[in-house]
Amino acid sequence: MPEAQQIPPFPARLTVELTNRCNLSCLFCPRQSVHMEPGDMPLELFRKIALEAAAHRPVALALFFRGESLLHPQLEEMIRLAKSLGLGPLQLASNGLMLERDRADGLAESGLDFISFSLDTLDAGLYRRSRRGGELKDAAENIAAFIEIVKDRRLRGLGAPEVQISAVETEEHRPGMEGFVNFWREKADIVRVYVEHSADGHSGSLKGARKGQRRPCRKLLTDLVIYHDGTAALCNHDWDNKQGLGSVKDSTIAEIWNSPAYNALRRADEAGRPPESSACFHCDHWRMYYNEDGFLGRIYRSGEFS
């Protein structure tokens, strides 16, 4: 395990789950194998988190996990609060289905720094089968309109988020992936293709990943997740809180970050032996830190609008 002084006093990135409710039921989503009681994060709990994080800036905030954050009625207010405290970058992911014009305007001007829209395909039938409960036409039209709002704000010298379009490269999506990338890279800032993970029911596992010697995962030195009810978890692959780190309702984020439970996991991971009871045991995303790109999957950038 790294010496205590090598562990930063506070996480560089907080993933804050504003809601675990979702308007879709995607076949490849890890939530399919996790039992969750639905709920939204109260504004006052978010304020407590944001205020502590602001005392340790810079801290990135990912304002989504296990749900569709646009379902939270106070999303824009939370973004503005975090922005006013100097936190960032402020990041969001959405399926885009709830992004009607009024909501799109408010989100574009909220102070959000980055938003990723999950679409996966240009095939309406495949979208309907894999992202059950949604229609590709509705999502794509909302996203295209949002991109136009962003372009207009930039032309007027106003702040606007960077826009990413994303896909999960399942076997069914793979044949149409080149067309998907070419279509959206002409419109968005970034197109990102993610590798499919957790298909075997274990969060973060990668199909076909070589098993062999495990190397330390750097997320344990950078990341912390806070579920909508205040419960703390390890990272964006810890979908069912196996580690038992406590709650920000009862402790500070810094106390949880430097807790015996978290440090015990760091020691075990450094030794290449994370406990089977932890989210780390089956997770393969530590590999991202040891390849040339520093991430898994593929990223395509567009220069059309900046």
Side-chain angles (χ1 to χ4, degrees), residues 1-20 39-66 69 72 74-75 77-92 111-114 203-204 216-271 274-275 277-280 283 285-286 289:
M1 175 185 173
E3 297 297 328
Q5 63 266 24
Q6 294 180 281
I7 300 172
F10 199 83
R13 174 182 167 92
L14 289 174
T15 295
V16 182
E17 179 183 84
L18 303 186
T19 181
N20 65 355
D40 295 350
M41 178 173 285
L43 179 59
E44 284 310 306
L45 178 57
F46 180 80
R47 190 186 309 277
K48 179 180 186 293
I49 294 165
L51 285 170
E52 183 181 354
H56 296 273
R57 294 176 300 175
V59 178
L61 285 190
L63 299 172
F64 63 95
F65 191 50
R66 303 191 307 175
S69 290
H72 198 295
Q74 295 169 303
L75 169 63
E77 184 176 356
M78 290 170 160
I79 295 171
R80 289 192 294 269
L81 172 61
K83 192 73 171 183
S84 72
L85 293 171
L87 295 168
L90 305 179
Q91 304 163 335
L92 188 66
L112 189 67
D113 296 300
F114 172 90
S203 295
C217 182
R218 296 176 191 164
K219 277 185 180 287
L220 300 182
L221 299 177
T222 60
D223 280 55
L224 190 72
V225 166
I226 303 171
Y227 295 159
H228 70 91
D229 61 358
T231 301
L234 292 172
C235 74
N236 59 317
H237 297 294
D238 190 355
W239 282 64
D240 50 5
N241 188 35
K242 292 181 176 178
Q243 199 61 30
L245 297 179
S247 170
V248 298
K249 289 182 176 179
D250 308 315
S251 306
T252 67
I253 298 169
E255 287 169 344
I256 292 170
W257 179 248
N258 293 287
S259 65
Y262 207 146
N263 283 333
L265 182 62
R266 289 183 177 115
R267 286 193 296 271
D269 185 71
E270 179 74 10
S277 60
S278 73
C280 300
C283 185
H285 278 72
W286 58 268
Y289 298 107

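All residue numbers in this chain count up from 1 along the given sequence.
Heavy atoms only, all atoms of each residue included: Val16 and Phe46 are closest at CG1-CD1, 4.0 Å. Considering all non-hydrogen atoms of both residues, Gly244 and Ala261 come closest at O-CB, 4.4 Å. The minimum heavy-atom distance linking Ala53 with Val59 is given by the pair O-CG2, 3.6 Å. In terms of heavy-atom proximity, Trp257 sits nearest to Pro8 at NE1-O, 2.6 Å. The nearest pair of heavy atoms linking Arg266 to Leu221 is NE-CD2, 4.0 Å. Of all non-hydrogen atoms in Tyr262 and Ile256, the two that sit nearest each other are CB-O, 3.8 Å.
Inter-residue side-chain proximity for Glu52 and Val248 is flagged as unmet; no heavy-atom pair is nearer than 4.5 Å. Contact check for Asp238 versus Val225: no side-chain heavy atoms found under the 4.5 Å cut-off. Residues Leu45 and His228 fail the side-chain proximity criterion, which asks for heavy atoms closer than 4.5 Å. Taking 4.5 Å as the limit, some side-chain heavy atom of Lys219 sits within range of a side-chain heavy atom of Asn236. In this structure, Leu245 and Leu224 have side chains that are in contact, with non-hydrogen atoms separated by less than 4.5 Å. The side-chain heavy atoms of Trp286 and Asp269, taken from C-beta on, include no pair separated by under 4.5 Å. Residues Ile226 and Ile253 meet the side-chain proximity criterion, which asks for heavy atoms closer than 4.5 Å. For the pair Leu43/Arg47, a side-chain contact is recorded, criterion being any heavy-atom separation below 4.5 Å from C-beta on.
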Can you list the steps and then say if Asn263 with Ile7 is a side chain to side chain contact (heavy atoms under 4.5 Å, CB included)?
CA-CA 9 Å; Asn263 283 333; Ile7 300 172; 3.6 Å; yes
Under the salt bridge (charged side-chain N to carboxylate O under 4.0 Å, His left out) rule, what do Lys83 and Asp113 come out as? Steps first, then yes or no, please.
CA-CA 9 Å; Lys83 192 73 171 183; Asp113 296 300; 2.9 Å; yes
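Interatomic distance, Leu90 CG to Met78 CE, rounded to the nearest 0.5 Å: 13.0 Å. Taken to the nearest 0.5 Å, the CD atom of Gln91 stands 11.0 Å off from the CG atom of Leu14. Between the CD1 atom of Ile79 and the CG atom of Leu87 there is a distance of 12.5 Å, given to the nearest 0.5 Å. One distance of note links CG of Leu220 with CZ of Arg267; it measures 12.5 Å at 0.5 Å rounding. Between Leu234 atom CG and Thr15 atom OG1 the span is 11.5 Å, to the nearest 0.5 Å. Atom CG of Leu112 sits about 11.0 Å away from atom CG of Leu61, to the nearest 0.5 Å.
Looking only at distances, a side-chain donor or acceptor of Thr19 sits under 3.5 Å from a matching main-chain atom of Gly39. A donor-acceptor contact shorter than 3.5 Å is absent between the side chain of Glu77 and the backbone of Gln74. Here the side chain of Ser278 pairs no donor or acceptor atom with the backbone of Gln243 at under 3.5 angstrom. Under the 3.5 Å distance criterion, the side-chain polar atoms of Asn258 are matched with a main-chain donor or acceptor of Ala254. With Ser69 contributing its side chain and Leu63 its backbone, the two residues share a donor-acceptor pair below 3.5 Å. Within the 3.5 Å criterion, the main-chain N or O of Trp239 finds a donor-acceptor partner in the side chain of Arg66.
His285 pairs by the side chain to side chain contact (heavy atoms under 4.5 Å, CB included) definition with His197, Leu206, His237, Cys283, Leu296, not counting sequence neighbours. Under the salt bridge (charged side-chain N to carboxylate O under 4.0 Å, His left out) criterion, Arg13 pairs with Asp223, sequence neighbours left out.
Relative orientation of the His56 and Phe10 rings is parallel, given thresholds of 30° and 60° on the angle between their planes.
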